[in-house]
Amino acid sequence: MNLRGSYRRLMGNAKAAIIAAIEIYNKPRFDYRDECFVILLLNAWELLLKAILSKNKQSIFYPKKKNQPYRTLSLVDALVKVQDYFPPDVDYLSVRENLRHLTTYRDNAVHFYNKAGFEIIVYALAQTSIVNFRDLLLRAFNIDLADEITIKLLPIGLSVPIDPVEYIRRATSAEGKTTKAVKQFIHELAKTTQELEKVGADTGRLLTVFSVKLESTKKISNADVVAGVEKADTGTGPLLIERKSDPNITHPLRQKEIIEQVKELHGIKFTQFTFQALIYKYKIKEKSLYCWIAKEGNLIRYSRDLVAFIKRLSEKDIRDAVSEYKEFLAERKKRGSVRSE
C-alpha cells in the first residue's frame, strides 16, 4: 500500500475544498453559513498539509493496528508532522494557533452548536487563514490560489460590516452583552496573541483584519485596543486594555538588523543597496505597519513584519526593485548635474 498517497490529488482536493468554502461564504443567503465554511476551510488545510507531507515522501497514515483499517492523519497530527517542511517566511507557530482557534469553533459546530457572536471573530480568523493557505500553497507547489479564483462580488448589504477589533472592544467592556462563551474565546485569542508576541512570532498570521480590497488594515497585535487576560473586579470576563503603540516594541529593528536576518534571497545576497531598493519600490517609509520615523526625522526603525514581507518576495520582485532603484539614482544624479551647471 502507498502510505504517502498522491500529493497531486491531495493538493487538487485541497484547492477544491477551499474554493468551495469561499463560494459558500459568499452566497447571499445560506443558513449554517459560518459552520459549513469553517468545516470546509479546515478540510482544505488538512488536505494541503498531507499533500506537503506526501511530496516530501512522508507517510500520511497512522501506524497500522491489527484488524483495524488504515487511518490517515488528523489535521492536528498532520500539522505537527509538517513543521519541518514549512517555508521560513510563513510563520509556523502563528499559523498553528490560527488553525487551533478555528478548530475550536469547528468542533463545537460539528458536535454541538455555537453561540451567537462567534461569527465576527471567526470571520477575521478565517480571512487570515485563507491568506496563510494561499502563501503556503504558493511556496510548496508554486500555485497561486488567486489564479484559481475570479472574485467579483457585488457588495450589497443592509448593515455595515463590523470591525472585529471594535467588536472585541464592545464584547469585553463592562456593559457588553456578549455571551460568556464568546468572551472566553476572545480571552483565549488575546492570550495567544500575547504569547506569540513574546517569542517574536508573526502575529499577522494569527489574526489580521482586511478591508474589502483585501488590503491589510489592522493587525491585532498593533491595534489600539487589545483584549487583556486579567479578571475584572465586577466579573470574570477579560478586561479591555487600551494602549498606544510603543515603537520600541512594534518597530524594534534597524536597517542593519534586517539585513542580518534576511541575509540571502533566491541566491541573491541581501545587501544595503537591495534593502534600499525595496524601500524605494514598495514605498515602505509611507507604511506605518512596516516603518516608524521619529518626528525629528533622524531615527528610522522597522517592524518584524517587514522581514516577513521581504521574504515573501519573488526573485523577479527583487531584481525589478534593484533595477528601478538604479534608474531612479541615475536620474537623480543627472538632475543634480544639470543644476550644478
Side-chain angles (χ1 to χ4, degrees), residues 86-99 101 124-139 146 163-165 168 189-190 192-211 213-227 243-266 270-272 274-294 299-314 317-318 321:
F86 245 65
D89 59 337
V90 180
D91 189 83
Y92 170 81
L93 189 58
S94 296
V95 169
R96 185 192 70 188
E97 292 303 300
N98 172 273
L99 293 174
H101 286 288
L125 284 168
Q127 280 186 317
T128 306
S129 190
I130 290 173
V131 173
N132 292 343
F133 184 100
R134 182 242 178 145
D135 290 347
L136 186 57
L137 180 67
L138 184 61
R139 300 299 183 275
D163 180 346
V165 174
I168 292 175
L189 183 59
T192 300
T193 302
Q194 292 177 348
E195 289 172 350
L196 291 174
E197 286 184 320
K198 284 180 181 178
V199 299
D202 181 5
T203 54
R205 296 282 182 186
L206 170 67
L207 188 150
T208 304
V209 181
F210 294 91
S211 70
K213 298 183 294 183
L214 297 183
E215 176 182 319
S216 178
T217 58
K218 285 187 180 179
K219 186 169 68 173
I220 195 166
S221 66
N222 292 336
D224 56 351
V225 291
V226 295
R243 70 179 184 190
K244 293 188 180 295
S245 296
D246 180 352
N248 292 303
I249 297 174
T250 61
H251 296 72
L253 304 177
R254 303 296 293 270
Q255 173 182 280
K256 179 182 177 182
E257 293 166 318
I258 291 182
I259 293 171
E260 289 174 350
Q261 287 190 29
V262 177
K263 292 182 181 178
E264 185 180 88
L265 283 174
H266 311 292
F270 194 73
T271 64
Q272 180 178 340
T274 311
F275 178 76
Q276 289 301 325
L278 297 177
I279 296 295
Y280 166 75
K281 178 175 175 60
Y282 293 101
K283 298 180 172 58
I284 297 299
K285 290 183 180 179
E286 299 175 15
K287 299 176 180 179
S288 59
L289 174 63
Y290 298 132
C291 181
W292 176 83
I293 302 176
L299 177 62
I300 301 175
R301 289 212 298 245
Y302 303 94
S303 69
R304 291 187 178 89
D305 297 289
L306 181 57
V307 177
F309 170 79
I310 291 172
K311 288 183 176 180
R312 287 197 296 269
L313 296 174
S314 67
D317 293 333
I318 303 294

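Only a predicted model underlies this, so the values are computations on that prediction, with no experimental measurement involved.
Put simply, CD1 on Ile258 and OH on Tyr290 are 11.5 Å apart, with the number rounded to the nearest 0.5 Å. Arg304 CZ to Gln261 CD: the interatomic distance, rounded to the nearest 0.5 Å, is 7.5 Å. In this structure, CG in Asn98 is found 10.0 Å from CD1 in Ile130, a value given to the nearest 0.5 Å. For the atom pair SG (Cys291) and CG (Asp305), the distance works out to 12.5 Å, reported to the nearest 0.5 Å.
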Before giving the answer on side-chain contact (heavy atoms from CB on, under 4.5 Å), spell out for Ile284 and Leu278 the whole-Å C-alpha distance, their side-chain angles and the decisive distance to 0.1 Å. CA-CA 8 Å; Ile284 297 299; Leu278 297 177; 5.7 Å; no
Stepwise, does the side-chain contact (heavy atoms from CB on, under 4.5 Å) test hold for Ile259 with Thr271? CA-CA 6 Å; Ile259 293 171; Thr271 64; 6.0 Å; no
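In this structure, a donor-acceptor pair under 3.5 Å is present between the side chains of Thr192 and His101. Looking only at atom types and distance, the side chain of Asn132 has no donor-acceptor partner in the side chain of Ser129 under 3.5 Å away.
Judged as a side-chain hydrogen bond (donor to acceptor under 3.5 Å, both in side chains), and not counting sequence neighbours, Glu195 has no contacts. Legend: residues meeting salt bridge (charged side-chain N to carboxylate O under 4.0 Å, His left out) with Arg139, ordered by chain and number and at least two apart, are Asp89. Residues passing the salt bridge (charged side-chain N to carboxylate O under 4.0 Å, His left out) test with Arg134 are Asp144, sequence neighbours excluded.
With hydrogens and angles ignored, the 3.5 Å screen pairs no side-chain donor or acceptor of His266 with any backbone N or O of Ile318. Glu257 contributes a side-chain N or O that, together with a main-chain N or O of Arg254, makes up a donor-acceptor pair within less than 3.5 Å.
Aromatic rings of Tyr302 and Phe275 (six-membered ring for Trp) have centroids within the 6.0 Å cut-off, being under it. Separation of the Phe309 and Tyr282 ring centroids falls under the 6.0 Å cut-off.
In this structure, the side chains of Leu93 and Phe86 stay at 4.5 Å or more apart for every pair of heavy atoms. Residues Asp135 and Arg205 meet the side-chain proximity criterion, which asks for heavy atoms closer than 4.5 Å. In this structure the side chain of Leu265 reaches within 4.5 angstrom of the side chain of Ile310, judged on heavy atoms.
Each of Gln276, Glu260, Arg301 was checked for a side-chain hydrogen bond (donor to acceptor under 3.5 Å, both in side chains) with Gln255, and the lone residue meeting it is Gln276.
A salt bridge does not link Arg312 with Asp317: every distance from a Lys NZ or Arg NE/NH1/NH2 to an Asp or Glu carboxylate oxygen is 4.0 Å or more.
Within a 6.0 Å radius of CD in Gln272, no more than 12 heavy atoms belonging to other residues, nucleotides or ligands are found.
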